[in-house]
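Chain letters run A, B, ... following the sequence lines, proteins first, then strands; residues in each count from 1. Worth saying up front: this structure is predicted, and the values here are computed from it rather than measured.
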Amino acid sequence: MRRIALVDANNFYVSCERLFQPTLEGRPVVVLSNNDGCAVARSPEAKALGIQMGQPYFQWKDRVRTRHIVVLSSNYTLYADLSRRFMGVLSQFSPLQEVYSIDESFLDLTATPGDPILLGQAIRQRVRQWVGLPVCVGMGPSKTLAKLCNHFAKKRREFAGVCDWASLSREHQQRLLQETPVGEVWGIGRQLCQKLETLGVRSVSDFLQQDPQWLRSRFGVLLARTQRELQGQSCLALEEVSPPKQQIQSSRSFGQPVTALADLREAVTLYTCRAAEKLRSAGQRAQLIEVSIRTSVFRPDPQYGRSIAVALAHPTDSTRELLAAALQGLREIYRDGFQYAKAGVRLSALSVQGTDTLDLFSRPEAGERETRLLQAVDTVNRRYGKGALAPGVAGLRNPRSWSMRQGTKSPAYTTSWAELPRVRA
DNA sequence: TCTGGGGTCCTAGGACCC
DNA sequence: TCTGGGGTCCTAGGACCC
């Protein structure tokens, strides 16, 4: 029987912030999404105050002062760096690792000797000591069961942060399945949960009793697979090497509504630069770029939103070529007289560099100067910060009138010499 | 007044083929 | 009046994840 572990950091963003501001321990802390829009991470104290995951800031803003909540803008540079260290520590426990997201990782511990619970505790302890983050460990014969056990490890005190499916008695397993709502299962989201509930399927145990054929025909192959995974049959492989991306996007909501085409051009330019940078660092090329703009979906007045895909003559990673296509697309979909709230670009039809089929008229050697130019731009931007070098159409104002709101962002403690934490004497 | 960003995969339906 | 069966490919939309 395989033993898959899922290691997941507790309130990851909040824990990262607390690491550098220990005075935040024990206090309600909330980290906001981009543009200071919604709550995306909450300390247990903030959860206890009833602030929901994803809840818009303005809906609970009045509680900030009365309940002394600490509100922080998200600091992805910091979180990404701590995530890298966290994953590094985990890799010491098994060579078979799948980094699943910024704050969680699967490990195949099948071949790792020793008592699983003690092993889980050792993982917790080492991550705590070496990186400073609190984590919980769930283990099971499939990824879905490992996820579910991680949920138990987090929510139920009796597990002390580590839950291994195989170490539980049959009765204990049954009780947990009966007591857990089906919506907690990985792969069962809001819509599916609602549909299942109207059919009388409320607990994970109910779900396991459904006829697989019926599940498959009614809900599709994914849910049937989820059921098998919960029965202990491993259907999802550990993906040690992440497959090449199929799309790369960059989009942002604006801090202020935007009406002028010139401002949208600035935004689309910056997003295209960012997407092209990601493309190059992945060693990929794109043959399709899609531009989208839209007004706020939350306003009652007439809305406008459109996207357009512009095909390129050949796969490219050149900011210049991608930008020309993006701005041409933007011209076609822009309509005067609307208050735009968001814009974005998406690159797709991606191929790995060097595997492209050249057309009759392409001259690969002509791209060499451009390649060197782009490498230089990427190097400068890595050293001097995002957007240090950008096309002129991006404009010179900074911050821009429409830049996203980030009212209370913490310093880049671990990635910028200028922002290193200082030790007070 | 104020509501994130970046991904993946599946399915249904239409166009088209023999 | 009555008009097959089986396949591929593409796209849009919808669901899921963190």
Side-chain angles (χ1 to χ4, degrees), chain A residues 6-13 30-41 51-62 64 71 73-76 79-80 83 98-106 143-144 147 150-151 182-196 216-226 229 235-236 239 242-257 267 271 274-275 278-279 282 288 290 292 294-301 303 306-307 309 311 339 341-350 403-407:
Chain A
L6 179 78
V7 188
D8 187 325
N10 305 346
N11 335 302
F12 181 58
Y13 298 167
V30 180
V31 175
L32 299 173
S33 65
N34 267 334
N35 217 20
D36 291 348
C38 313
V40 291
I51 296 165
Q52 301 298 311
M53 180 65 183
Q55 200 182 0
Y57 185 22
F58 71 89
Q59 287 180 5
W60 47 272
K61 219 170 189 169
D62 51 334
V64 170
V71 180
S73 303
S74 39
N75 183 347
Y76 289 106
Y79 312 150
S83 171
E98 174 186 339
V99 175
Y100 179 66
S101 75
I102 194 165
D103 75 329
E104 58 189 293
S105 176
F106 288 104
K143 283 175 150 184
T144 307
K147 280 282 250 185
N150 188 280
H151 170 78
V182 69
E184 298 294 345
V185 173
W186 188 39
I188 300 182
R190 261 229 323 270
Q191 308 293 326
L192 282 174
C193 184
Q194 238 171 38
K195 277 185 208 156
L196 286 168
R216 212 219 111 126
S217 62
R218 175 104 199 214
F219 295 98
V221 292
L222 292 180
L223 212 62
R225 189 177 66 189
T226 296
E229 280 253 315
C235 309
L236 296 166
E239 293 185 353
S242 49
K245 284 200 170 51
Q246 309 201 18
Q247 55 180 49
I248 290 174
Q249 42 181 319
S250 173
S251 64
R252 288 281 178 280
S253 295
F254 302 130
Q256 302 285 329
Y271 303 162
R274 210 168 291 154
K278 289 189 210 172
L279 187 68
L288 199 68
E290 195 178 324
S292 60
R294 64 164 171 79
T295 55
S296 169
V297 290
F298 300 102
R299 288 177 54 152
D301 45 348
Q303 298 303 305
R306 233 191 112 181
S307 70
Q339 300 223 309
K342 184 175 178 174
V345 303
R346 175 157 63 190
L347 307 177
S348 56
L350 305 185
S403 293
M404 68 177 172
R405 289 186 292 269
Q406 285 192 308

For A:Arg218, enumerate each residue passing the side-chain hydrogen bond (donor to acceptor under 3.5 Å, both in side chains) test, keeping only those at least two apart in sequence or located in another chain.
none
Partners passing salt bridge (Lys or Arg N to Asp or Glu O under 4.0 Å) against A:Asp36 (at least two apart in sequence or in another chain):
none
Suppose we screen for ring pair (Phe, Tyr, Trp, His ring centres under 6.0 Å). Which residues come up paired with A:Trp186, at least two apart in sequence or across chains?
A:Tyr100, A:Phe106
Map every base of DNA chain B to its dot-bracket character, where paired means a Watson-Crick or G-U wobble contact with both distances under 3.5 Å and | marks a partner outside the strand.
....||||||||||||||
Sequence neighbours left out, what passes side chain to side chain contact (heavy atoms under 4.5 Å, CB included) with A:Leu192? Give chain and number order.
A:Ile188, A:Phe219, A:Leu223
Quick one: side chain to side chain contact (heavy atoms under 4.5 Å, CB included) partners of A:Glu184, sequence neighbours excluded?
A:His151, A:Thr180, A:Pro181
Does the ring of A:Tyr57 carry A:Lys61 above it, NZ/CZ under 6.0 angstrom from centre and within 45° of its axis?
yes
Going by ring pair (Phe, Tyr, Trp, His ring centres under 6.0 Å), name the residues that satisfy it together with A:Tyr76, two or more places apart in sequence or in a different chain.
A:Tyr13, A:Tyr79
In whole Å, what separates the P atom of C:dC18 from that of B:dT3?
25 Å
Can you measure A:Asn150 atom CG to C:dC18 atom P for me and round it to whole angstrom units?
10 Å
Do any of residues 188-196 of chain A sit with a heavy atom less than 4.0 Å from DNA chain C, and if so which?
A:Ile188, A:Gly189, A:Arg190, A:Gln191, A:Leu192
With the sugar-phosphate defined as primed atoms, P, OP1 and OP2, and the base as all remaining atoms, what B/S/- string results for nucleotides 1-12 of chain B, 5' to 3', for protein heavy atoms under 4.0 Å?
-BBSSSBBSSS-
Residues forming a salt bridge (Lys or Arg N to Asp or Glu O under 4.0 Å) with A:Arg405, sequence neighbours excluded:
none
Side chain to side chain contact (heavy atoms under 4.5 Å, CB included) involving A:Ser251 - partner list, sequence neighbours excluded:
A:Lys342
Heavy atoms under 4.0 Å, any strand shown: does A:Val185 hit a base, just sugar-phosphate, or nothing?
sugar-phosphate
Listed by chain and number, what are the side chain to side chain contact (heavy atoms under 4.5 Å, CB included) partners of A:Gln339, not counting sequence neighbours?
A:Pro257, A:Thr259, A:Arg299
